[in-house]
Amino acid sequence: MNDLKRISLADYDIVFDKSLSALHDFLEDRSYSNLIILTDDITRKLCLPVLISFLPSLSEAPVISVPSGEQNKTLATCEEIWADMLRAKADRNAVVINLGGGVIGDMGGFAAACYKRGVDFIQIPTTVLSQVDSSIGGKLGVDFRYGKNLIGVFKNPALVLISTKFLESLPSRQIVNGFAEVFKHALIKDAQQWSALRGLDVLASDGLDEVLYQSLLVKKAVVEADPFEKGLRKILNFGHTIGHAVEAYSLQHDADPLLHGEAVAAGMIMEAWLGSQQCNLPEDVLKDIIQVLSKHYPHYSIAEDAFAEIWASMALDKKNAGSKVLAVSLRDIAQPVIDLEITPELLKAALAFYKTLA
Ligand SMILES: NC(=O)c1ccc[n+]([C@@H]2O[C@H](COP(=O)([O-])OP(=O)(O)OC[C@H]3O[C@@H](n4cnc5c(N)ncnc54)[C@H](O)[C@@H]3O)[C@@H](O)[C@H]2O)c1
Ligand SMILES: [Zn+2]
């Protein structure tokens with residue numbers, strides 16, 4: 001077990017473990033009263049058999065399965081999960097294993113954190129995005145009426161297990177999608193990893209563990225320094241101020257909307273451009289960022305009349321302070337700048353610049 005890569009945070013470990021022996025040992029150690037596995041309908045089909053092949057004893061555990069997709073990350077789905085947990089007679093010493101992407105991790109963690117005032121949960125993330133991003137940092141929750149992630153809590157998992165085995169069934173578009181956060185982590189805090197990523201084939205599996213591991217080290221360092229997002233943690237929003245708004249716009253208008261990471265890639269290009277205008281980010285660094293990201297993420301052609309809607313959506317973002325729209329930019333690779341104000345004029349110019357890259 002000692003040769004497993006392990007990242008230790010104050011109250012839990014993230015273990016890289018293809019054979020899932022660490023899960024076996026952890027469960028032996030804890031003697032939980034009930035163990036419940038939460039999946040969505042896709043991970044039930046594609047990931048649960050992999051989990052059980054490594055830990056056959058888990059085939060006895062009750063499985064709660066919910067429909068996949070962000071549209072089901074709701075309180076209504078949580079009610080179904082709680083009802084199923086009650087039917088399975090889960091008591092306060094139960095543990096929930098969240099086997100799935102960020103939707104299952106966020107919602108299953110939240111459901112566990114509320115059930116009978118809180119039971120333990122284990123994250124087994126099965127997408128790149130959830131492996132490098134959502135499964136650590138303790139943010140849990142669901143979407144509610146007016147927007148994403150509006151209802152939730154901070155609570156840490158008992159354990160996070162990362163196995164790239166699960167990624168074998170993940171469609172390549174989803175892999176590239178999750179890699180946007182890997183690029184982001186490198187750009188905000190790890191120049192060496194950024195260099196390594198330049199030539200990386202993100203769909204090749206060799207070296208993937210190391211890339212994910214380095215990426216998680218960035219997120220760990222940031223969330224440990226600022227667990228409740230009072231300051232430094234804001235740097236994780238690089239690319240997300242404009243990216244979220246572009247994502248929301250695409251969701252409203254496109255038959256095949258952008259995935260989160262695809263929108264964030266466009267957001268990172270525009271927010272890096274803002275850095276070149278406002279924070280002295282050197283031109284050649286901007287070019288380098290654009291070149292690397294454009295290799296993986298197709299250019300999104302933003303409609304001429306999209307500005308008003310994108311601006312309105314940015315102005316609504318819950319991360320803003322007062323009436324100002326704030327973003328994160330860079331003054332160089334691994335040198336983020338927080339609280340950069342974006343005015344409507346700057347956004348217009350950033351969108352116009354992005355258009356020139358088509
Ligand atoms: N808590 C946080 O800090 C944090 C950070 C970033 C994102 N998030 C949240 O994460 C969510 C997005 O996560 P996501 O991109 O993993 O989405 P997701 O959970 O919806 O997964 C994407 C799709 O892939 C499928 N899937 C999952 N694993 C698979 C596998 N191994 N093989 C084949 N298909 C598989 C899922 O069923 C789903 O259809 C959003 O709700 C977002 O708000 C949370
Ligand atoms: Zn993101």
Side-chain angles (χ1 to χ4, degrees), residues 38-51 65-74 77 98-110 113 121 123-144 147-157 160 162-185 187-188 215-216 219-220 222-223 227-229 233 235-248 251 258-268 271 318-319 328:
L38 178 70
T39 65
D40 66 28
D41 45 15
I42 296 176
T43 61
R44 180 177 195 143
K45 229 184 277 153
L46 299 176
C47 302
L48 186 59
V50 178
L51 178 65
S65 197
V66 301
S68 83
E70 184 73 32
Q71 69 278 18
N72 298 303
K73 188 177 154 184
T74 60
T77 310
N98 294 319
L99 181 68
V103 166
I104 286 300
D106 279 18
M107 178 166 58
F110 176 70
F121 60 97
Q123 302 290 42
I124 307 189
T126 60
T127 61
V128 172
L129 186 138
S130 54
Q131 293 193 344
V132 298
D133 192 354
S134 63
S135 64
I136 73 156
K139 281 191 189 181
L140 310 169
V142 294
D143 306 334
F144 183 68
K148 282 185 66 172
N149 302 321
L150 291 179
I151 303 297
V153 296
F154 279 98
K155 187 180 175 196
N156 285 326
V160 181
I162 312 266
S163 166
T164 47
K165 264 248 154 263
F166 292 114
L167 303 180
E168 289 170 10
S169 59
L170 194 65
S172 47
R173 186 175 174 197
Q174 287 287 352
I175 292 185
V176 178
N177 171 49
F179 254 91
E181 309 293 351
V182 176
F183 287 118
K184 179 192 78 179
H185 287 161
L187 283 172
I188 57 176
S215 195
L216 269 171
K219 178 131 187 194
K220 166 199 150 82
V222 175
V223 299
F228 301 109
E229 202 165 351
R233 190 165 176 165
I235 66 174
L236 294 172
N237 291 328
F238 175 56
H240 284 63
T241 303
I242 301 181
H244 268 151
V246 169
E247 183 184 5
L251 201 61
L258 290 176
L259 297 179
H260 173 74
E262 296 166 343
V264 166
M268 286 193 283
E271 291 176 21
K318 65 180 179 303
K319 295 197 179 75
V328 179

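Remember, it's 1-based here, ligands and their atoms both numbered in the order they're listed. Along the sequence shown, residues are numbered consecutively beginning with 1.
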Counterpart residues, salt bridge (charged side-chain N to carboxylate O under 4.0 Å, His left out), relative to Glu247 (two or more places apart)
none

Under the rule for ring-ring contact (aromatic ring centres under 6.0 Å, His included), what residues qualify as partners of Phe154, not counting sequence neighbours?
Phe228

His185: what forms a ring-ring contact (aromatic ring centres under 6.0 Å, His included) with it, not counting sequence neighbours?
none

If I apply the N/O under 3.5 Å rule, does [X] come out as touching ligand 1?
X	value
Gly102	yes
Gln174	no
Asp106	yes
Lys139	yes

Would you kindly specify which portion of [X] sits under 4.0 Å from ligand 1, judged on non-hydrogen atoms: side chain, backbone, both or neither?
X	value
Met107	neither
Leu170	both
Val103	both
Asp41	neither
Cys47	side chain
Thr43	side chain
Ser169	both
Glu181	neither

Starting from [atom], find the nearest protein heavy-atom neighbour and note its residue, name and distance.
atom	answer
atom 40 (C) of ligand 1	Glu70 OE1, 3.1 Å
atom 21 (O) of ligand 1	Thr127 CG2, 3.8 Å
atom 42 (C) of ligand 1	Lys73 NZ, 3.8 Å
atom 3 (O) of ligand 1	Lys219 NZ, 3.7 Å
atom 8 (N) of ligand 1	Ser134 CB, 3.5 Å
atom 38 (C) of ligand 1	Asp40 OD2, 4.3 Å
atom 31 (N) of ligand 1	Phe166 O, 2.9 Å
atom 28 (N) of ligand 1	Thr126 OG1, 2.7 Å

Should we say atom NZ of Lys220 is surrounded by more than 12 heavy atoms from elsewhere, each under 6.0 Å from it?
yes

For the atom pair NZ (Lys139) and CG (Asp106), what is the distance rounded to the nearest 0.5 Å?
9.5 Å

Interatomic spacing from CD1 in Ile175 to CG in Leu170 - rounded to 0.5 Å:
5.0 Å

Ranking Leu236, Thr164, Leu129 by closest non-hydrogen atom to atom 15 (O) of ligand 1, top hit is Leu129

Is Gly137 close enough to touch ligand 1? Criterion: a residue heavy atom under 4.0 Å from a ligand atom.
no

Please determine whether any non-hydrogen atom of Gln123 lies less than 4.0 Å from an atom of ligand 1.
no

Short side-chain to backbone donor-acceptor contact, Lys184 and Leu236, under 3.5 Å:
yes

Lys219 side chain to Ile136 main-chain N or O, any donor-acceptor pair under 3.5 Å?
yes

If you draw a sphere of radius 2.8 Å around the Zn ion (ligand 2), how many protein N/O/S atoms end up strictly inside it?
3

